[in-house]
Enquirer: 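Could you have a look at this structure, given as structure tokens, before my questions?
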Amino acid sequence: MMKIAVVGATGQTGEQLVNQALQQGHCVTALVRNPAKLTLTHENLKVVEADIFSEDSLKLHFKGQDAVLSCLGFPISFLHGVTGYSQSMKAALNAMREVKVNRIITMTSWYTDPNSGSNSSYFIRFMLLPMIRSVLNNMYEMENLLKQTEDINWTVVRPPGLKNTPTTANEFLTHEGYYVPDENGAPIGQSVSRGDVARFMLSLLNNNAWMKKAVAIATK
């Protein structure tokens, strides 16, 4: 059993993560902008209002936690670019340092590196990726911020497209890169259940395999 702080707990993947963490016996502090959005109640769940961009707000709720898990998502922005991932991560890392929490697991996506989609399908390469590039670029910036972070044990989980389908017990395929390749180097599968992403993130709490690394995932 661990004490974990979940950032982005009202998002679709965040809700899966909170649910599964409670089922596994963890004590969860869910940091949310609007507590009314999280309808789940449980004796091991504490829902708190927090500003994800404020170091002071975060450190209040990170204190005493064993780990921070982030499922934050930010909308596409064609005009101004997206900054939420990198800005919230800077605040989180600074808050963690202040209260001596040194484990964070966060979620980005396949293809965050602008050059990593060259083996993907025509639709993904020329239609989907350009459409979501503002989000991917800021995820990439956040990943690079973490890669320069030596004093905190971080892991970045990169799933492909997220589906609202039931959580499976399927084996995970993993790759230390921007997607999971088959034997010919082409991407394996294009989507994964949000519940499976949550399941993988929680499995890292007791596992040092991907410490200070970014891992692309898919399911068999």
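Since we're looking at a predicted model, the values are computed, not measured.
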Enquirer: Between Asn138 and Gly81 (side chain of the first, backbone of the second, donor and acceptor by atom type, cut-off under 3.5 Å), is there such a pair?
Expert: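 No; judged by distance alone, with no hydrogens or angles, the pair does not exist.
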Enquirer: Under the 3.5 angstrom rule, does the side chain of Arg103 hit a backbone N or O of Asp66 as a donor-acceptor pair?
Expert: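 Looks like no, no N/O pair under 3.5 Å.
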Enquirer: For the residue pair Asn34 and Thr10, establish whether any side-chain heavy-atom pair is separated by less than 4.5 Å.
Expert: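 No; the side chains remain at least 4.5 Å from each other.
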Enquirer: Measure across Gly185 and Asn119 and return the closest heavy-atom pair with its distance rounded to 0.1 Å.
Expert: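 That closest heavy-atom pairing would be O-ND2, 3.2 Å.
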Enquirer: Quick check against the 3.5 Å criterion: does Arg133 have a side-chain atom that pairs as donor or acceptor with the backbone of Thr112?
Expert: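 Such a contact is found between Arg133 side chain and Thr112 backbone.
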Enquirer: Look at the side-chain heavy atoms of Ile, Leu, Val, Met, Phe, Trp and Tyr, link any pair under 4.5 Å apart, and say whether Met96 and Met2 land in one connected group.
Expert: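 Each belongs to a different hydrophobic cluster.
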Enquirer: Could you check whether any side-chain N or O of Ser54 sits under 3.5 Å from a backbone N or O of Ser57, counting only pairs where one atom can act as donor and the other as acceptor?
Expert: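 Confirmed, Ser54 side chain pairs with Ser57 backbone.
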Enquirer: Answer yes or no: does atom NZ of Lys147 have more than 12 heavy-atom neighbours from other residues, nucleotides or ligands under 6.0 Å?
Expert: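 Buried by this count: over 12 neighbours within 6.0 Å.
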Enquirer: Would Leu93 and Asp151 count as a side chain to side chain contact (heavy atoms under 4.5 Å, CB included) if you check the C-alpha gap in whole Å, the side-chain angles of each, and the deciding distance to 0.1 Å?
Expert: CA-CA 10 Å; Leu93 292 173; Asp151 58 334; over 6 Å; no
Enquirer: What's the spacing between Ser86 OG and Asn144 CG if we round to 0.5 Å?
Expert: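 Ser86 OG to Asn144 CG: 10.5 Å, rounded to 0.5 Å.
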Enquirer: Has Met1 got more than 12 heavy atoms of other residues, nucleotides or ligands less than 6.0 Å from its CE?
Expert: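 Buried by this count: over 12 neighbours within 6.0 Å.
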Enquirer: What are the two closest heavy atoms between Pro114 and Asn137, and how far apart are they?
Expert: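 Smallest heavy-atom distance, with atoms named: CG-OD1, 4.3 Å.
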Enquirer: Going by heavy atoms in the side chains, are Trp110 and Val180 under 4.5 Å from each other?
Expert: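 Yes, their side chains come closer than 4.5 Å.
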Enquirer: Using the rule given for side chain to side chain contact (heavy atoms under 4.5 Å, CB included), can you reason through Ser70 versus Met107, listing the C-alpha separation, both sets of side-chain angles and the distance that settles it, and then say yes or no?
Expert: CA-CA 7 Å; Ser70 174; Met107 173 181 91; over 6 Å; no
Enquirer: Can you measure from CG (Leu205) to CD1 (Ile4) and round to the nearest 0.5 angstrom?
Expert: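 Reported value, rounded in 0.5 Å steps: 5.5 Å.
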Enquirer: Flag the pair Leu22 / Leu40 as yes when at least one side-chain heavy-atom distance between them is below 4.5 Å, and no otherwise.
Expert: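 Yes - at least one pair of side-chain heavy atoms lies under 4.5 Å apart.
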Enquirer: Could you check whether any side-chain heavy atom of Leu31 comes within less than 4.5 Å of a side-chain heavy atom of Ile52, counting everything from C-beta outward?
Expert: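 A side-chain contact under 4.5 Å is absent here.
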Enquirer: Could you check whether any side-chain N or O of Thr108 sits under 3.5 Å from a backbone N or O of Met139, counting only pairs where one atom can act as donor and the other as acceptor?
Expert: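 No, the answer is negative, given that no donor and acceptor are paired below the 3.5 Å cut-off.
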Enquirer: Would you call Gln65 and Thr29 a side-chain contact if the rule is heavy atoms closer than 4.5 Å?
Expert: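 Yes, close enough: below the 4.5 Å cut-off.
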Enquirer: Flag yes if more than 12 heavy atoms outside Lys63 fall under 6.0 Å of its NZ atom; otherwise flag no.
Expert: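 Atom NZ in Lys63 is not packed in, count stays at 12 or less.
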Enquirer: Looking only at atom types and distance, does a side-chain atom of Asn102 sit under 3.5 Å from a main-chain N or O of Asn153, one as donor and one as acceptor?
Expert: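 Answer holds: no.
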Enquirer: State which residues pass salt bridge (Lys or Arg N to Asp or Glu O under 4.0 Å) with Glu15; sequence neighbours excluded, sorted by chain then number.
Expert: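 So Glu15 forms no salt bridge (Lys or Arg N to Asp or Glu O under 4.0 Å) with any residue.
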Enquirer: Quick one: do Val18 and Leu204 end up in the same hydrophobic cluster if we chain Ile, Leu, Val, Met, Phe, Trp and Tyr together by side-chain heavy atoms under 4.5 Å apart?
Expert: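 Val18 clusters together with Leu204.
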Enquirer: Do you know which two heavy atoms are closest between Gln190 and Pro160, and how far apart they sit?
Expert: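 Smallest interatomic distance, heavy atoms only, reads O-CB, 3.5 Å.
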Enquirer: Verify side chain to side chain contact (heavy atoms under 4.5 Å, CB included) between Thr219 and Ser193, making sure each step is shown before the conclusion.
Expert: CA-CA 9 Å; Thr219 47; Ser193 149; over 6 Å; no
Enquirer: Under the criterion side chain to side chain contact (heavy atoms under 4.5 Å, CB included), I'd like the reasoning laid out for Met89 against Ile104: C-alpha separation, chi angles, the key distance, then a yes or no.
Expert: CA-CA 10 Å; Met89 184 56 72; Ile104 186 163; 3.8 Å; yes
Enquirer: Supply the atom-to-atom distance Ser109 OG to Ile132 CD1, rounded to the nearest 0.5 angstrom.
Expert: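 Here the rounded value is 5.5 Å.
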Enquirer: Same hydrophobic cluster for Leu38 and Leu58, using side-chain heavy-atom links shorter than 4.5 Å among ILVMFWY?
Expert: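 No; Leu58 is not reachable from Leu38 via cluster members.
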Enquirer: Check Ala30 against Leu45 and note the closest heavy-atom contact, atom names and distance.
Expert: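 Of all heavy-atom pairs spanning Ala30 and Leu45, the closest is CB-CD1, 4.1 Å.
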Enquirer: Return all side-chain donor-acceptor pairs below 3.5 angstrom for residues 206-215, not counting sequence neighbours, or 'none' if the list is empty.
Expert:
residue: Asn207; atom: OD1; partner: Ala209; partner atom: N; Å: 2.7
residue: Lys212; atom: NZ; partner: Glu150; partner atom: O; Å: 2.6

Enquirer: In terms of ring plane angle, is the pair Tyr85 and Phe74 parallel, tilted or perpendicular, where the classes change at 30° and 60°?
Expert: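 Perpendicular, since the angle between the ring planes exceeds 60°.
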Enquirer: May I ask you to decide if Val28's main-chain N or O and His26's side chain share a donor-acceptor pair within less than 3.5 Å?
Expert: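 Side chain of His26 to backbone of Val28: no pair is present.
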Enquirer: With heavy-atom distances below 4.5 Å as the criterion, would you say the side chains of Leu202 and Leu69 are in contact?
Expert: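 Leu202 reaches Leu69 side chain to side chain.
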Enquirer: Taking ring-ring contact (aromatic ring centres under 6.0 Å, His included) as the cut-off, I'd like each qualifying pair that reaches into residues 172-198, sequence neighbours left out, listed once.
Expert: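 Non-adjacent pairs meeting ring-ring contact (aromatic ring centres under 6.0 Å, His included): Tyr111-Tyr179, Phe172-Phe200.
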Enquirer: Rounded to the nearest 0.5 Å, what separates atom CZ in Arg97 from atom CD in Glu55?
Expert: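 Arg97 atom CZ to Glu55 atom CD measures 9.0 Å (nearest 0.5 Å).
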Enquirer: What is the minimum heavy-atom distance between Ser88 and Gly84, and which atoms define it?
Expert: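 Shortest heavy-atom contact: OG-O, 2.7 Å.
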Enquirer: In Å and rounded to the nearest 0.5 Å, what is the NZ to CD distance from Lys163 to Gln12?
Expert: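 Between Lys163 NZ and Gln12 CD, I get 14.0 Å after rounding to 0.5 Å.
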Enquirer: Tell me, do Val197 and Arg194 make a side-chain contact under 4.5 Å, heavy atoms counted?
Expert: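 Of all side-chain heavy-atom pairs linking Arg194 with Val197, none is under 4.5 Å.
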Enquirer: Answer with yes or no whether the hydrophobic clustering places Val7 together with Val47; edges join I, L, V, M, F, W, Y residues whose side-chain heavy atoms lie under 4.5 Å apart.
Expert: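 No.
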Enquirer: Could you pull out the closest heavy-atom pair between Leu129 and Gly117, with the gap in Å?
Expert: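 It is CD1-CA, 4.0 Å.
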Enquirer: With a 4.5 Å limit on heavy-atom distance, are the side chains of Val48 and Val32 in contact?
Expert: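 Sidechains of Val32 and Val48: no contact.
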Enquirer: Indicate if Ile124 and Tyr140 have the same hydrophobic cluster label, given that clusters are the connected sets of ILVMFWY residues with side-chain heavy-atom separations under 4.5 angstrom.
Expert: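 Per the 4.5 Å side-chain linkage, Ile124 and Tyr140 are not co-clustered.
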Enquirer: Please report the interatomic distance OG1(Thr106) to CG(Leu72), rounded to the nearest 0.5 Å.
Expert: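 Here the rounded value is 7.0 Å.
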